[in-house]
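One-based numbering, in listed order, for ligands and for the atoms of each.
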Amino acid sequence: MFAPSHGIRRVHAPGAPRDALQLWHVDHPLVQHKLALLRDRETPMALFRQTVRDLGTLMVFAAGASLPTRPRALHTPLAATTAPSVDEGAVTLVPVLRAGLPLAEAFSALLPGARVGHVGVYRDANARPVEYLARLPAPVAAEHARCWVLDPMLATGHSAEHAIDVITRRGYPIGQLALVCLLAAPEGLDVLGARFPGLPVWTAAIDERLDEHAYIVPGLGDAGDRIFGTEH
Ligand code: URA
C-alpha cells in the first residue's frame with residue numbers, strides 16, 4: 001500500500017536550547033536521496049554543485065509552504081477570477097557566501113521576483129566568522145515579507161548568527177527571518193535557539209556532532225570547496 005510517511009516534520013528536543021526554534025526536518029525521500037549524493041566523497045564537483053541546486057529546489061518547495069498568499073484578480077481565457085499568489089518582491093534571499101550561492105540560484109529560479117542580498121563570511125583558525133561583505137536590499141515593511149538566510153551547513157551556528165545579526169541591524173524584523181540549510185549540527189541549532197527563539201529553521205538533516213575542527217560529522221566535508229573545486 002502506498003503511504004507517504006515522509007515529508008516535513010517539526011523536531012522537538014525538550015530541554016535543549018534548540019527546542020526554542022521552529023525546527024523543521026525535511027525528510028522527504030528525494031531530499032534524503034540527494035543528500036546521500038552530497039555525503040558521498042566520490043561525488044565529483046559538477047554533480048555536487050548541481051545536487052546542491054536540486055536540493056535548493058526541494059527546500060524552497062518545503063520552506064515555501066509557509067509563504068502567505070493573497071488573492072490576485074485575473075482573467076483566465078474563460079472567466080474573471082481570483083487566484084492565490086505570493087508577493088515575490090516581499091521575499092528576500094540572503095545566501096551566506098560562498099556555499100549558499102547554488103541554493104540562492106535554485107530559490108531565485110522559483111521566485112524570480114525575490115531580491116537577493118549577500119553576506120560574506122569566512123571562518124578563522126578558531127572557526128569564528130569573519131565578515132568580508134554585506135550587501136542587502138532595503139527591508140520590506142510588510143507583514144507578509146520574508147527573508148530567508150541560505151547556508152547549506154549549520155555547523156557552530158556562528159556564521160548564521162552573524163548573518164542574522166547583520167540583517168536585523170539593517171532593519172529587517174527578526175520575525176521576517178528564517179534559515180534554510182541542508183545539514184545542521186546540534187551545536188549550531190542550540191546556538192541559534194538560545195539567540196533567536198522562535199526562528200524557523202528548515203534543514204534536510206540533523207547530524208551527530210561537530211569534530212574538533214568544527215566540521216559536521218558525518219557531514220559532507222567542506223561544502224564551499226566541494227561546490228567550487230577549491231582546496232582547503
Ligand atoms: N562548513 C562546511 O562546509 N562543512 C562543515 O562540516 C562545517 C562547516
Side-chain angles (χ1 to χ4, degrees), residues 11 16-18 21 23 25-27 31-32 34-56 58-59 93-107 118-134 148-167 178-196 199 201-232:
V11 178
R18 60 186 173 280
L21 299 169
L23 179 56
H25 179 199
V26 184
D27 62 352
V31 170
Q32 299 309 311
K34 293 288 178 185
L35 205 49
L37 272 175
L38 294 189
R39 291 188 188 280
D40 186 344
R41 67 179 183 188
E42 303 300 333
T43 300
M45 180 193 67
L47 178 59
F48 189 94
R49 190 189 301 156
Q50 180 55 46
T51 304
V52 175
R53 271 197 222 111
D54 292 344
L55 277 161
L58 296 167
M59 294 301 281
L93 308 172
V94 184
V96 177
L97 302 182
R98 53 195 168 131
L101 286 173
L103 290 180
E105 282 171 26
F107 275 60
H118 294 91
V119 174
V121 175
Y122 69 86
R123 302 202 298 172
D124 70 11
N126 300 313
R128 300 291 311 180
V130 181
E131 177 183 318
Y132 60 90
L133 179 85
W148 285 335
V149 180
L150 309 176
D151 190 347
M153 310 300 278
L154 178 70
T156 62
H158 296 311
S159 298
E161 183 185 23
H162 176 82
I164 291 169
D165 279 338
V166 168
I167 295 166
L179 174 77
V180 182
C181 60
L182 301 182
L183 294 192
E187 293 89 334
L189 290 169
D190 281 343
V191 164
L192 292 189
R195 271 297 313 280
F196 309 113
L199 180 78
V201 175
W202 279 273
T203 185
I206 301 170
D207 273 15
E208 284 165 27
R209 62 183 170 87
L210 297 179
D211 73 5
E212 61 281 16
H213 304 293
Y215 276 87
I216 298 177
V217 179
L220 50 75
D222 190 292
D225 283 347
R226 296 194 64 191
I227 291 166
F228 296 108
T230 47
E231 282 183 16
H232 220 64

Chi angles and distances behind the side chain to side chain contact (heavy atoms under 4.5 Å, CB included) call for D165, F196: CA-CA 10 Å; D165 279 338; F196 309 113; 3.8 Å; yes

Minimal non-hydrogen separation, R98 against F228, with atom names: O-CE1, 3.5 Å

Donor-acceptor pair, side chain of D40 and main chain of E42, under 3.5 angstrom: yes

Distance-minimising heavy-atom pair for H25 and A204: NE2-O, 3.1 Å

Would you mind writing out a table of all protein N or O atoms found under 3.5 Å from any N or O atom of ligand 1, naming both atoms and giving the distance to 0.1 Å?
{"unit_1": "ligand 1", "atom_1": "3 (O)", "unit_2": "A223", "atom_2": "N", "d": "2.7"}
{"unit_1": "ligand 1", "atom_1": "4 (N)", "unit_2": "G221", "atom_2": "O", "d": "2.8"}
{"unit_1": "ligand 1", "atom_1": "6 (O)", "unit_2": "I216", "atom_2": "N", "d": "2.8"}

Distance-only donor-acceptor pairs under 3.5 Å for side chains of residues 183-193, two or more places apart:
{"unit_1": "E187", "atom_1": "OE2", "unit_2": "L210", "atom_2": "N", "d": "3.1"}
{"unit_1": "D190", "atom_1": "OD1", "unit_2": "R18", "atom_2": "N", "d": "2.9"}
{"unit_1": "D190", "atom_1": "OD1", "unit_2": "R18", "atom_2": "NH1", "d": "3.0"}
{"unit_1": "D190", "atom_1": "OD2", "unit_2": "R18", "atom_2": "NH1", "d": "3.1"}

Minimum-distance pair of heavy atoms, taken over all atoms of L97 and H118: CD2-CD2, 3.7 Å

